[in-house]
Amino acid sequence: MHVGNFRDALFKFLFARHTGGTNILRIEDTDRSRYSPEAEKDAIETLKWGGIEFDEGPHIGGPYAPYRQSDRKELGIYAEYVAILLDNGTAYKAFDTTEELDEMRKIQEANKLQTGYYGGVWRDATAEQVAAAEAAGKPCVIRLKIPRDTTIVIEDAIRGRIEWDSNTVDDPVLIKADGMPTYHFAAMVDDHLMEITHIMRGEEWISSAPKHAFLFDAFGWQRPIFVHCPVIKGKDGKKLSKRHGATSVLDYRSLGFLVDALVNFVALIGWSPGGDLEVMSRRQLIEHFDLSGLQPSPGVWDFDKLKWFNGQYIRALDPEALLGTILEFVDEPDTLPFWSALADDPEASQLGVSDAAAIRESLELLKAAIESDPAYAFEAIKLEQERVVTLADFGPACAFFFQDEPPMDPKAVEKWFAQPHVGRLLDFAIRELQAGSEGTISIERCESFIRRFAEENGMDKLGPVVHPIRVALTGKTFGPGLFELMAVLGPVRMIRRLTRAKTLISG
RNA sequence: GGCCCGGUCGUCUAGUGGUUAGGAUGCCGCCCUUUCAAGGCGGAGGUCGCGGGUUCAAGUCCCGUCCGGGCUACCA
């Protein structure tokens, strides 16, 4: 499911919850050629992950069942209602062939006229002509007879009054030749039958709104309130696509984004509670959501800001909850395959990912570590909580805790192992660690012997002591505070790593 | 081409006739510090697309104009 559709679904959910209304899931599968069970499955999973709940729908039933339009078609609901329109003269049968319509469009384009079906021969055909065509077994569609020489007005909740010269809106197909209704018809009939109060959808629907509005009029039904939400664009102002990074919501899950962070971020594209409020829980989102905060202008997907939100949410989690979230993340069946696929994807750089294969490997390591020694993994995770952006970052960040021999950054070795005191330092540290008998060591004891070495060697700065030890222990020049990390590693691991480091300086 | 929607720092936005146009992100700097982050503080960044009006006063109201986007299917 595309993030744009997800945002719309989120708005509908928030609005329904805020107003105490009902959020209904309806499957609009009237186009056989377009429908895919995989897409539906993906949508269901996305909505579920996103915490977007429904009060009625195909999965839970409800007073207006069925909620799948193909099922409703089988029940004859659309045929029943289109008969009313045929009967009251606001719809008509059109027997044009595809070739005839193509020809008509070509002529319209050549003469720079507006394209579309504004009547042809069938709009005002006599009963005899229709009967003759039917007798000849010609296939037909049923079109809505948009009135001419008048103005169609809708009142949009975001944009206010929008009006069209009815001569510029063409006669839409209501029922296709295969008997299936179009979106135009099925959605409006269902909206009425299901007592929908607000049609919230993307702004790309504005141009069809007069058709929909008139359809309600043709039945003599009350029109719902139209709410056309702005679209989400890419950085270049174009429609958000794969070129801009990930567009699928579930990809963000695989990337290691927290649902709440994503929801918070997405809710703020095209909507604002007013004032400076930005970081909001789901509960606050519901509390503040209001149509008046909706924006008419399109928004841009700002990946950097999403990342900022995610960092905020990771840091706000209490460590136990974080551990659970990480476990869920690495256990999620999509996660590892996603990173494998990303390793072969040239678009990966769009996501700021440089080595997906390595990240995948580190995530597997993390998963194994949590399973084999959860207490140790927990300590490692706590130390990295302050410095990651995504859940996936925990993989590479924590890896050195779990590797027997963490890979050494050659630049770090070159920089910090060259100094003459390093050999003595490593021996000193090993001796200090061997002196303890408990198999564990406190942060304070680590700090005290590191500082002691600096003092005894007349060093006024800790850097020349801390950095070589860090490199020896983690292979890297960055990471959590050294003393904290030492206490988590413990004497046994540290002695092994320091001993290995010695081979690197003598060699 | 036609119809429609939109236009406040790069980005998300606050703003509903009177504000030094506010916040957030990103960027830069400083502080903190054993590193990287996080956090704190500060900075740069906006002639409110442009041009006319209305008004004592316009980002806010009106008109025009430019630019961007959507639709223009027996798709949704």
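First the proteins, then the strands, lettered A, B, ... as listed; each starts at 1.
- Using N1 to N3 plus N6-O4 or O6-N4 for Watson-Crick, or N1-O2 and O6-N3 for G-U wobble, each under 3.5 Å, B/rG29 pairs with B/rC41.
- The aromatic ring centres of A/His192 and A/Phe216 sit 6.0 Å or more apart.
- A straight line from CD of A/Glu155 to P of B/rC4 spans 16 Å, rounded to a whole angstrom.
- Note on A/Lys235 versus A/Asp302: salt bridge recorded, some NZ/NE/NH1/NH2 to OD/OE distance being below 4.0 Å.
- Comparing the C1' positions of B/rC28 and B/rC50 gives a spacing of 32 Å, expressed to the nearest Å.
- Nucleotide B/rC61: paired with B/rG53 (Watson-Crick or G-U wobble, both distances less than 3.5 Å).
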Protein heavy-atom contacts under 4.0 Å, written 5' to 3' over nucleotides 26-48 of chain B as B (base), S (sugar-phosphate only) or - (none), form the string --------BBBBSS---------
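- Neither OP1 nor OP2 of B/rG2 sits under 4.0 Å from any side-chain N or O of A/Gln108.
- Residues A/Ile359 and A/Pro396 have side chains in contact (heavy-atom distance under 4.5 Å, counting atoms from C-beta outward).
- With both ends at atom P, the span from B/rC5 to B/rU65 equals 15 Å, rounded to whole Å.
- Across B/rG64 and B/rC12, the matching C1' atoms stand 31 Å from one another, rounded to whole Å.
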Side-chain donor-acceptor pairs of residues 293-301 of chain A under 3.5 Å, sequence neighbours excluded:
unit_1	atom_1	unit_2	atom_2	d
A/Gln295	NE2	A/Ser297	OG	3.3
A/Trp301	NE1	A/Tyr252	OH	3.0

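- Between A/Ile154 and A/Arg223 there is a side-chain heavy-atom pair separated by less than 4.5 Å.
- Rounding to whole angstrom units, CH2 of residue A/Trp301 and P of B/rG69 are separated by 21 Å.
- Remark: B/rG7 base-pairs with B/rC66; criterion is Watson-Crick or G-U wobble with both hydrogen-bond distances under 3.5 Å.
- The C1' atoms of B/rU25 and B/rA58 are separated by 29 Å, rounded to the nearest whole Å.
- A/Arg143 forms a cation-pi arrangement with A/Tyr117, by the criterion of a distance under 6.0 Å to the ring centre and an angle within 45° of the ring axis.
- With both pairing distances under 3.5 Å, B/rG1 is matched to B/rU72 as a Watson-Crick or G-U wobble pair.
- Atom CD in A/Glu278 sits roughly 8 Å away from atom C1' in B/rU13 (whole-Å rounding).
- A/Glu447 comes within 4.0 angstrom of nothing in the nucleic acid, heavy atoms only.
- By the neighbour-count criterion of 12 heavy atoms within 6.0 Å, atom NZ of A/Lys382 is densely surrounded, having more than that number from other residues, nucleotides or ligands.
- Between A/Arg445 and A/Glu432, no side-chain nitrogen of the basic residue sits less than 4.0 Å from a carboxylate oxygen of the acidic one, so the salt-bridge criterion is not met.
- You'll find the side chain of A/Lys73 reaches within 4.5 Å of the side chain of A/Pro181, heavy atoms only.
- Counting heavy atoms of neighbouring residues, nucleotides and ligands inside a 6.0 Å radius, atom CD of A/Glu414 does not exceed 12 of them.
- Distance noted for atom P between B/rG68 and B/rA73: 23 Å (whole Å).
- As rounded to whole Å, 23 Å separates atom P of B/rC3 from atom OH of A/Tyr117.
- Look at the C1' atom in both B/rG18 and B/rU60: the space between them is 11 Å, to the nearest Å.
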For nucleotides 70-76 of chain B, 5' to 3', base contacts (B), sugar-phosphate-only contacts (S) and non-contacts (-) with protein non-hydrogen atoms under 4.0 Å give SSSSBBB
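- B/rC9 and B/rU35: their C1' atoms are spaced 34 Å apart (whole Å).
- When rounded to the nearest whole Å, the span between CH2 of A/Trp164 and C1' of B/rC3 equals 9 Å.
- Among the nucleotides B/rG23, B/rG1, B/rA14, the one closest to any side-chain atom of A/Lys112 is B/rG1.
- Between A/Tyr183 and A/His212, the ring centre distance stays below 6.0 Å.
- Spacing of P atoms, B/rU16 relative to B/rC30, comes out at 39 Å, to the nearest Å.
- Within 4.0 Å (heavy atoms only), A/Ile162 reaches sugar-phosphate atoms of the nucleic acid but no base atom.
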